[in-house]
Amino acid sequence: MPSVRVASASIATLLKACKTQFRLEQIHAQIIHKGLEQDHFLITQFICLSNALSSLPYSTAVFRRVNNPSSHLWNSLLKGHCERSSFSATVSLFIRMKREDGAADEYTYPSVVKACAGEGRVREGRAVHGSAVRCGVDGNVFVGTSLVDLYGKCREVVCARKVFDGMCERNVVSWTAMVVGYAGVGDMVGASKVFGEMPERNAVSWNVVISGFVRLGDLGNARRVFEEMPGKDVVSFTTMIDGYAKSGDMASARFLFEQAPVKDIVMWSALISGYAQNGFPNQAVKIFLEMSSRNVEPDEFIMVSLMSACSQVGCLELAEWVDSYLSNSSIDIRQPHVLAALIDMNAKCGNMERATSLFENMPKRDLISYCSMIQGLSIHGRGNQAVALFNRMLSEGLAPDEVAFTVILTACSRSELVEEGRHFFELMRHKYSMVPTPDHYACMVDLLSRSGWLEEAYELLQSMPVEPHAGAWGALLGACKLHCNVEFGELVANRLFVLEPKSAGSYVLLSDIYAAFHRWLDVSVVRNKMQERGLKKIPGISSI
DNA sequence: CTAGGGTTAG
């Protein structure tokens, strides 16, 4: 049938040039029209392309129509599942393959093993390993390497090493997978040793070692390896930049960013999120604008960082601009972390209407978004609504965590809701059996003392099982001034002089309290003490 | 007869 062969070859040519799903479907129609649905060679090529361009159901539908599919066909469908679908779908396809007499070969296992590795399913992985041994393909480099990767990713370094040592042939990828295994469990001694023994290295091998040190927070060793590395690529730079950003060293992060010859979206993202998370929201926004001016399209990660920066600044105009920018982009705002950031930004910047409508339209409201909303209400002085929302959260059966209690106690404190604050503090300790942190105590002290319960606040501070931070004492001293209480004022100020000998604030507050009672002699004593210790009032935030 | 597989950064 020479005409069929010609048709098959010409469709293969069409497939090589095919770049869109629409075109793929046209070619599919031709395959059916010409009666080539059983052509294994052609269908294999078709499925590979369909995996990349189209959807798995489409690949599967085409596959189903083939009688007695060849190993090549099974393998290409398995690869599609392992890249685009879940662990269970891949493994059940593998099981179906074995049941339907598909002959598994050395091309079958890497996909199945990778599916196991991707979701940390080491038990199933071991079974697949056994199956590979029974098929006699465990000596293959690709199979062996995927197994080293599997055990390494599942933190079973001893097993990974056993497979690695048993391999009769290894290449740079096999060696790198072994380094990944050691680095993954934080064993950088082991990782460095294997790295040192590698007969050849590529950029990936170097980057694995660098990121291993970075993950341990060992920026010194990471930087040393980075400097030694020949041909640093965009990943090497990004790994270092992200490491510095996460350790709070934005100066080094920025320096390497400027040094990098190529900047991709992940690198921009690392810098922007670094600035946002280390409390430099204005810098984050500035870098974002610089990125935009170079025509780099932001992705969801960058937008989340930008929204976090915006929340910190609390600027409504900026928030509105970001919100509409996001809504006009192709980014799906229904993604949980994007939506959470969007609600948080709108709530903190004062657009409670927008925040509320996003919040109420969520399919299921979670703790994070509740906290954003409560904090938004709190910032804008709507304490009673914050309390009501917190109660609604409890009635929905969500269990508050430490952060949630900090948020609600702060809300109570801002709106001077003493009874509610006491209630939540008790709830936290007794119903949820949580140990309050110094932050929680600080909120309570602030709430009680500002509402005039100076003695109770003082007793709470004294009764704390952990050391309070100076902020709590400072809040109490501020309240002593507010309520003109000399007795507690002296007590608290003397504690603060010990806790924070270098801070002028407490001296100033105490002298203000004396001044309110016209005790000018005491005023001058405090001022002199302050001068003796070389402290100056900072102009601008002085005695007002 | 032709073809298919493994490692790194937010």
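Every chain is numbered from 1 and lettered A, B, ... according to where its sequence line falls, protein lines coming before strand lines. Not measured: the values here are computed from a predicted model.
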**Asked** Please, which pairs that meet side-chain hydrogen bond (donor to acceptor under 3.5 Å, both in side chains) have at least one residue in residues 148-159 of chain A, sequence neighbours excluded?
**Response** R126(A)-E156(A), H129(A)-Y151(A), D149(A)-K153(A)
**Item:** Contacts of K79(A) that satisfy side-chain contact (heavy atoms from CB on, under 4.5 Å) - sequence neighbours left out
**Value:** E83(A), S111(A)
**Message:** For S205(A), give me all partners under side-chain contact (heavy atoms from CB on, under 4.5 Å), at least two apart in sequence or on another chain.
**Reply:** V172(A), T176(A), F195(A), M198(A), R201(A), N202(A)
**Message:** Just to be sure I understand the rule, does S174(A) reach a base, reach only the sugar-phosphate, or reach nothing, if contact means heavy atoms closer than 4.0 Å?
**Reply:** base
**Message:** Tell me which pairs pass side-chain hydrogen bond (donor to acceptor under 3.5 Å, both in side chains) where either residue lies in residues 229-242 of chain A, with sequence neighbours left out.
**Reply:** N207(A)-D233(A), N207(A)-S236(A), D233(A)-S236(A), D242(A)-K246(A)
**Item:** Mutual orientation of the aromatic rings belonging to F405(A) and H440(A) [parallel < 30°, tilted 30-60°, perpendicular > 60°]
**Value:** perpendicular
**Asked** Who pairs with S86(A) by side-chain contact (heavy atoms from CB on, under 4.5 Å), at least two apart in sequence or on another chain?
**Response** S88(A), A89(A), E119(A)
**Set of salt bridge (Lys or Arg N to Asp or Glu O under 4.0 Å) partners for D165(A), sequence neighbours left out** = R161(A)
**Set of salt bridge (Lys or Arg N to Asp or Glu O under 4.0 Å) partners for E124(A), sequence neighbours left out** = R121(A)
**Request:** Would you mind classifying the nucleic acid contact of S273(A) as base, sugar-phosphate or nothing, using non-hydrogen atoms under 4.0 angstrom?
**Result:** nothing
**Prompt:** 5' to 3' on DNA chain B, which nucleotides open and close the contacts with chain A (atom under 4.0 Å from a heavy atom)?
**Reply:** dT2(B) to dG10(B)
Less than 3.5 Å apart, which donor and acceptor atoms pair up between the side chains of residues 271-287 of chain A and the rest of the protein, not counting sequence neighbours?
unit_1, atom_1, unit_2, atom_2, d
Y275(A), OH, R254(A), NH1, 3.0
N278(A), ND2, A245(A), O, 2.9
N278(A), ND2, G274(A), O, 2.9

**Of residues 205-214 of chain A, the positions that come close to DNA chain B - non-hydrogen atoms, cut-off under 4.0 Å** = N207(A), V208(A)
**Message:** I need the residues from residues 249-268 of chain A with at least one non-hydrogen atom less than 4.0 Å from DNA chain B; give them sorted by number, or say none.
**Reply:** D264(A), I265(A), V266(A)
**Request:** Could you name each residue pair satisfying ring pair (Phe, Tyr, Trp, His ring centres under 6.0 Å) that touches residues 215-242 of chain A, not counting sequence neighbours?
**Result:** F226(A)-F237(A)
